[in-house]
Amino acid sequence: MSLSSSSSSSVVQSLDMAEEDNPHCPNYGELRTKMQNLTRSGSIGKALEIFHLMRNVSGKPTVYDYNSLINCYLKSNKVGLHDLCGLYFEMKRVELHPNASTFNTFLKGLSLLGESKVAISVIVEMCNYGFTPSFSCLSNLLKKCLDSMELVDGLRVLDLMLGLNYIPTEPKVILLINSLSRCGMTRDACVVFFKLLEIGNFQSPYVYNPILWSLCKSDQISGALAFFCSLKKKGLVHNVCSYTALVYGFGQKGLFKEASGCLRIMEVDGGCYPNIKTYTTIIKCLCDGGRIKEALCALGEMEKKGFDPDIVTYNIILRALSHKNLVLEIYNLYHTIYQKGLSPDNYTATAFSGLLKRGNIGIALNLLRDIVSSDSDVDVAVYNVYLHCLFRAREFKESLFMISCMEKDGIKPNNITFNTILKGICEEKTVDKALEFFERVEWPGKRPDMVSFNTVLSVACKRGDSIMVQTVLNLMEDEGVKLNVVGFTCLMQYFCNIGNINDCLKLFEHMISHGPHPSMVTINTLMVVLCKNRELGAAYQVFSNLKSYGLSPDARTYGILIRAAMNEGNNLLTLKLVEIALEMNLHCNGCIKNVKNCLLKIEDP
DNA sequence: TTAGGGTTAG
């Protein structure tokens, strides 16, 4: 859109008349007032015409006229990025020399519009002109980037701040490190932390605990330990949350001796004590590992030490009991919750999903009814969990009953509900029927999301249904939805299913060179394809290249390769892989047990 | 201002 508008406007006519009065010197003050009024009313094009007319006055317009133009525009309540950029280019076009206020006014406008990326460019330009943006300007921009989760921009703002010797405040640093860690950008979080540690007072565990937790949650306990020890060496003092992260990391790997060791060290060496969250972490890890008896012992120990379990602790145990179908124990614990004056919540309701998976549908539904009829509010996620389990158990009648309960209980379904139903239809009926549902229903999120498309695509790919795959791809194109890593992986599986290995490999190569970046599921899919086609060498090559893709093999990767190596009778490779998997303490025990039996047979035929 | 519990696609 052009900012200069036609010269036949009434504004120019009225100015012509002004010039008639005094052709050599139009009234500058009048022009300025008119320009300001027009800008305030949002007529930016007309205002610019007057701005140009000022050039007839010697020494005008000045940068102050220009700044006043932007200022009035910001007050017009019609601020848009397009006009603002137009104004900026106008400044360049007329070769006006901006001052600090010019830039600050622009930044104010961009902040109003939430345009952090453009604001960063303006700041860089401001610095190039020799002006220094203020601390609060950069600090506010950093906050804006973090609020909108534009983390790469946030990092850029931080660099600009550090370049100007501005040290960000601790809450902003915590927010940045926390956001980076939660988004899988732990490496960046570490770089930020160590950089700031050198220049400011950022030794608090509140600053670095998110990094520690992120490492422990992403299966990097060795990295977490190294990080933990390096900080200790530097004299930083950990708190109970830091130690709990390590407890979690060890517990997830099934290393409970080490987890207990952490408890001892934190008391003896760290001068702090485990709390209810620390104990709950251990209990959760024991439950996840199927060690329910030990989890109950830990619960007893926790009570003995004077910590009253809260509803979170009880929900975790309930969930584990329900997965083991221990109905009597569930009822006992459920009553204990009431006896202790605690109220069951959404998580309590979902904890019974194990019963549904085990076919104990009536009991699970009764318990859900009990919670719904108590004072607790039950949310849509609870119904989604039940619906998902019922569909998975192929209990279609009960699924329909659940949907009617949802309506009756006044629960508004979300896209997850609809995607769950979509998957259910795919499994019970045909992909055609699923597509019918897909196009017929009014999606709660206004339109189907990525998962909706992938749900149908996945089923079509699994069935090797070429027509249906094409239909879904066309539908995605019509809607302007691009295939993501899940869609690509589905298509790789499709090509493998129809025996077209070449196209499957081509897709993978496309992902490597043009994106989307493959995930571990993609790699494992590729591994299965290669091993199925007796291409163990190629599979091993991919495995060796994983680091260059920024990925680490998981238990499934090892399982696939170990099985293929065994099938090919490659004992050397089998042993090598088993050794690495054991060293990494990966939970592919079933697979490793098979290897041991196999090797024993080889040694003693 | 950091930490523990549930749901959809590969």
Side-chain angles (χ1 to χ4, degrees), chain A residues 169-175 177-178 181-182 204-214 216-217 238-249 251 274-285 287-288 309-320 322 345-354 378-389 391-392 413-424 426 445 448-459 461-462 472 483-494 516 518-526 528:
Chain A
T169 59
E170 196 187 66
K172 298 237 168 50
V173 170
I174 290 175
L175 188 60
I177 290 182
N178 204 358
S181 306
R182 281 174 196 271
S204 155
Y206 288 96
V207 180
Y208 63 78
N209 276 344
I211 299 178
L212 204 52
W213 270 95
S214 169
C216 292
K217 283 195 169 177
H238 300 308
N239 67 7
V240 52
C241 175
S242 325
Y243 286 92
T244 307
L246 293 184
V247 168
Y248 179 92
N275 61 21
I276 182 161
K277 286 183 179 168
T278 319
Y279 282 109
T280 307
T281 301
I282 294 188
I283 289 172
K284 169 77 165 70
C285 292
C287 287
D288 284 348
D310 60 14
I311 192 68
V312 178
T313 322
Y314 283 124
N315 287 343
I316 291 167
I317 304 244
L318 271 179
R319 189 166 186 272
S322 134
D345 60 12
N346 287 315
Y347 294 90
T348 319
T350 55
F352 303 128
S353 65
V378 177
D379 68 10
V380 61
V382 173
Y383 290 84
N384 289 344
V385 172
Y386 274 63
L387 211 49
H388 170 69
C389 293
F391 271 123
R392 247 182 48 174
N414 58 14
N415 261 24
I416 298 180
T417 321
F418 278 54
N419 288 335
T420 308
I421 298 172
L422 188 63
K423 174 115 192 274
C426 282
D449 57 20
M450 202 61 184
V451 179
S452 326
F453 285 104
N454 284 338
T455 301
V456 190
L457 183 64
S458 148
V459 178
C461 286
K462 272 186 195 149
V472 181
L483 274 177
N484 70 358
V485 56
V486 177
F488 263 89
T489 310
C490 287
L491 285 176
M492 281 174 66
Q493 220 168 30
Y494 161 74
S519 68
M520 262 332 285
V521 183
T522 318
I523 299 290
N524 290 338
T525 306
L526 180 68
V528 171

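Every chain is numbered from 1, with letters handed out A, B, ... down the list of sequences. Worth saying up front: this structure is predicted, and the values here are computed from it rather than measured.
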Roughly how many Å is it from [atom1] in [X] to [atom2] in [N], rounded to a whole number?
X	N	atom1	atom2	value
A:R182	B:dT1	CZ	P	13 Å
A:N454	B:dA9	CG	C1'	5 Å
A:I316	B:dG4	CD1	P	10 Å
A:I174	B:dT2	CD1	C1'	7 Å

For this session: Just call it for A:T420: base, sugar-phosphate, or nothing, with non-hydrogen atoms closer than 4.0 Å on any strand.
Result: sugar-phosphate
Considering only [options], which nucleotide approaches the side chain of [X] most closely?
X	options	answer
A:C490	B:dG10, B:dT1, B:dG4	B:dG10
A:N346	B:dA9, B:dG4, B:dG6	B:dG6
A:T522	B:dA3, B:dG4, B:dG10	B:dG10

Donor-acceptor pair under 3.5 Å, [X] side chain vs [N] base:
X	N	result
A:D379	B:dG6	yes
A:T313	B:dG4	yes
A:N275	B:dA3	yes
A:T280	B:dG4	yes

For this session: Go through the side-chain N and O atoms of A:T281 and A:T278 and say whether any donor and acceptor fall under 3.5 Å apart.
Result: no
Exercise. Do the side-chain N and O atoms of A:D449 and A:S452 include a donor-acceptor pair separated by under 3.5 angstrom?
Worked result: yes
For this session: Can you sort out the partners of A:K172 under side chain to side chain contact (heavy atoms under 4.5 Å, CB included), two or more places apart, ordered by chain and number?
Result: A:S139, A:L142, A:K143, A:T169
Exercise. For A:Y206 and B:dT1, do the ring centres fall under 5.5 Å apart while the planes stay under 30° apart?
Worked result: yes
Exercise. Using 30° and 60° as the class limits, which term best fits the ring planes of A:W213 and A:Y248: parallel, tilted or perpendicular?
Worked result: tilted
For this session: Please state whether the phosphate of B:dA9, meaning OP1 or OP2, lies under 4.0 angstrom from any side-chain nitrogen or oxygen of A:K462.
Result: no
Exercise. Quick one: is B:dT8 close enough that its OP1 or OP2 comes under 4.0 Å of any side-chain N or O from A:T455?
Worked result: no
